[in-house]
There are 2 protein chains.
Amino acid sequence: MTNAMETGMNIGQAAKASGLPAKTIRYYEDIGLIAPKRDSNGYRSFREGEIHRLAFLNRARGLGFSIEDCRALLGLYDDASRASEDVRRLAAEHLDRIDARIAELQEMRATVAGLVDSCAGDGRPDCPILDDLATGPLSRHATRSRR
Amino acid sequence: MTNAMETGMNIGQAAKASGLPAKTIRYYEDIGLIAPKRDSNGYRSFREGEIHRLAFLNRARGLGFSIEDCRALLGLYDDASRASEDVRRLAAEHLDRIDARIAELQEMRATVAGLVDSCAGDGRPDCPILDDLATGPLSRHATRSRR
DNA sequence: CCTTGACCTTCCACTAACTGGAAGCGTCAT
DNA sequence: ATGACGCTTCCAGTTAGTGGAAGGTCAAGG
C-alpha cells in the first residue's frame with residue numbers, strides 16, 4: 001500500500017525516476033515545458049504526472065526532436081481532442097530532417113574517408129589531405145542548398 | 001602579366017572568391033584563424049594567401065571539421081616540417097566522429113520511422129507515437145554512453 | 001544544541017559557430 | 001551634394017543545456 005497522501009518527489013528523485021539530470025529539469029521548467037508545484041520550503045515537488053512528462057521529454061529528445069517539437073508534442077499529448085495526423089506530421093518532418101542529415105554526413109564521410117586513405121600518415125610532410133583542402137572544390141557556401 | 005603592385009581584395013571580394021560570407025570572414029579573424037592587413041582607410045585587405053586560407057577553411061568546415069580542428073589543420077598546413085601522420089590522425093579521428101554520429105542518427109531514424117509507420121495519421125486522437133513517447137524506454141541519459 | 005554532509009534554491013557565465021542588426025564612416029557615380 | 005553601397009565595430013540572439021558560486025534546508029550523529 002502506498003501512502004494515501006502523496007507528497008511528491010523532490011528534484012533528485014525526479015531526476016532518477018525520469019532519467020534526466022536535475023539541471024535539465026530546472027531548465028525545462030524555466031522554458032515552460034513543465035510546471036511542478038513547490039513545497040513550503042521552496043523545493044520543487046514532482047508527482048506522477050510530472051515524472052511522466054519528464055520521461056516523455058527524455059525519450060523525445062533522445063529521438064532527436066527539438067525542444068520546440070517537444071513543446072508541440074506535449075501540447076498534443078495534453079489535448080484529448082488532437083488529431084493523430086498532427087502528431088504524425090511532426091514525426092514525419094523530423095524523419096525527413098534526420099534523413100537529410102544522414103545524407104549530408106554520408107557525403108562528408110565518403111570524402112573524408114577518401115582523404116584518410118590517400119595519406120601515407122608517416123613522418124614525411126607530403127600530405128594529400130592538406131593538398132585537397134587547399135585546392136579542392138568550395139563546398140559549403142558555394143554548393144550547399146539554402147534554407 | 002598581373003599588376004606588379006597587388007593591392008588586395010576587400011572583404012566583399014574575398015567573400016566571393018572564397019565562398020564564405022563576409023560576416024564569417026570577420027569572425028574567423030576575431031578568433032585568430034586569419035590576420036589580413038588593413039588599408040589606410042581601415043578596410044581589410046586580402047591577398048592570394050588569405051583567400052587561399054579562407055577557401056581552405058570553407059572546405060574543411062564543409063567536411064565537418066570543427067573550428068579547432070581547422071586551426072590545427074592550418075597550423076600543419078603552415079608548417080613545412082609537419083608529419084603527414086599528424087594530419088592523417090586528425091582526419092581519422094574526425095572520420096570516427098562522423099561514423100559515430102551516423103550510427104546514432106540511423107538508430108533514431110529506425111525508431112522514428114517505426115513510429116511514423118504505426119500512426120494512422122487521421123483525424124482521430126489515438127496515436128501510437130504519443131503512446132510510445134509516454135511509455136517507451138528512457139533512452140538518453142539512461143543508456144547513452146558517457147564520455 | 002551544533003555540526004556535518006547531502007540536498008535544495010537562484011543566478012550568472014560558458015559552450016559552437018556563426019548570424020542579424022544598429023550606428024557610423026568611406027567611396028563612388030550622378 | 002546626395003544617395004546607394006560597402007566597410008567598420010559592437011551587441012544580441014541562436015540550441016540545449018552544463019558548471020559553478022553563494023546560500024537555505026534537512027536528517028543524523030555527537
**Prompt:** Within this structure, what is the CG-to-C1' distance between A:Leu20 and D:dA16, rounded to whole angstrom?
**Reply:** 12 Å
**Asked** Is B:Arg82 reaching over with its side chain to a backbone N or O of B:Leu76, donor-acceptor style, under 3.5 angstrom?
**Response** yes
**Request:** Starting from P on D:dA16, measure out to OH on A:Tyr28 and report it in whole angstrom.
**Result:** 8 Å
**Fill in**
With sequence neighbours left out, the residues meeting ring-ring contact (aromatic ring centres under 6.0 Å, His included) with B:Tyr77 are B:Phe56
**Message:** Once ring-ring contact (aromatic ring centres under 6.0 Å, His included) is applied, do any residues pair with A:Phe65, and if so which ones, sequence neighbours excluded?
**Reply:** A:His94
**Asked** Whole Å only: how far is the CG atom of B:Asp30 from the P atom of D:dT9?
**Response** 8 Å
**Fill in**
As a check of understanding: the bend across the helix from C:dC1-D:dG30 to C:dT30-D:dA1, end axes from five pairs, rounded to 10 degrees, works out to 30°
**Selection: residues 65-77 of chain B, any non-hydrogen atom under 4.0 Å of DNA chain C** = B:Ser66, B:Ile67
**Asked** Listed by chain and number, what are the side chain to side chain contact (heavy atoms under 4.5 Å, CB included) partners of B:Asp96, not counting sequence neighbours?
**Response** none
Under 3.5 Å, which N/O atoms of the protein pair with N/O atoms of nucleotides 19-21 of chain D?
residue, atom, partner, partner atom, Å
D:dG19, N7, A:Lys23, NZ, 2.9
D:dG19, O6, A:Lys23, NZ, 3.0
D:dG20, N7, A:Lys23, NZ, 3.4
D:dG20, O6, A:Lys23, NZ, 2.3

Interface polar pairs with nucleotides 24-26 of chain D, N/O, under 3.5 angstrom:
residue, atom, partner, partner atom, Å
D:dG24, N2, A:Tyr43, OH, 3.0
D:dT25, O4', A:Tyr43, OH, 3.2
D:dC26, OP1, A:Asn41, ND2, 3.1

**B:Asn58 CG to C:dC18 P, straight-line distance once rounded to whole Å** = 10 Å
**Asked** For residues 119-132 of chain B, which residue pairs qualify under side chain to side chain donor-acceptor pair (under 3.5 Å), counting only residues two or more places apart or in two chains?
**Response** A:Arg59-B:Asp132, A:Ser84-B:Asp122, B:Asp122-B:Arg124
**Item:** Backbone of A:Leu90 reached by a side-chain donor or acceptor of A:Glu93 within 3.5 Å
**Value:** no
**Toward the 5' end of DNA chain C, by each residue's nearest nucleotide, B:Tyr27 or A:Ala22** = A:Ala22
**Asked** Which part of the nucleic acid, if any, lies within reach of A:Arg44 when heavy atoms closer than 4.0 Å are counted: base, sugar-phosphate only, or nothing?
**Response** sugar-phosphate
**Request:** Go through the structure and list residues passing side chain to side chain contact (heavy atoms under 4.5 Å, CB included) with A:Arg88, not counting sequence neighbours.
**Result:** B:Val116, B:Cys119, B:Ile129
**Fill in**
note: B:Met9, atom CE; D:dG6, atom P; distance rounded to Å ~ 16 Å
**Item:** All side chain to side chain contact (heavy atoms under 4.5 Å, CB included) counterparts of B:Glu48, not counting sequence neighbours
**Value:** none
**Fill in**
Side-chain contact check for B:Asn10: nearest option of C:dA17, D:dG6, C:dC8 is D:dG6
**Asked** Who passes side chain to side chain contact (heavy atoms under 4.5 Å, CB included) against A:Gln106, sequence neighbours left out?
**Response** A:Ile102, B:Ile102, B:Gln106
**Request:** Round to a whole Å and report the spacing from CD1 of A:Ile31 to C1' of D:dA16.
**Result:** 8 Å
**Request:** Rounded to the nearest angstrom, tell me the gap between atom CZ in B:Arg38 and atom P in D:dG6.
**Result:** 18 Å
**Asked** Between A:Thr24 and D:dT18, is there a side-chain N or O to OP1/OP2 distance below 4.0 Å?
**Response** yes
**Asked** Do B:Arg26 and B:Glu29 meet the salt-bridge criterion of a basic N to acidic O distance under 4.0 Å?
**Response** no
**D:dG17 OP1/OP2 closer than 4.0 Å to side-chain N/O of A:Arg61** = yes
**Complete:** CD1 (B:Ile11) and CG (B:Leu20) are apart, to the nearest 0.5 Å, by 10.0 Å
**Fill in**
Sequence neighbours excluded, the answer for salt bridge (charged side-chain N to carboxylate O under 4.0 Å, His left out) partners of B:Asp78 is B:Arg53
**Asked** With no hydrogens and no angle check, is any side-chain donor or acceptor of A:Asp39 less than 3.5 Å from a backbone partner on A:Ser45?
**Response** no
**Request:** Using atom CD1 of A:Ile11 as one end and atom P of C:dT10 as the other, report the distance to the nearest whole Å.
**Result:** 9 Å
**Separation between CG of A:Leu57 and CG of A:Leu74, rounded to the nearest 0.5 Å** = 4.5 Å
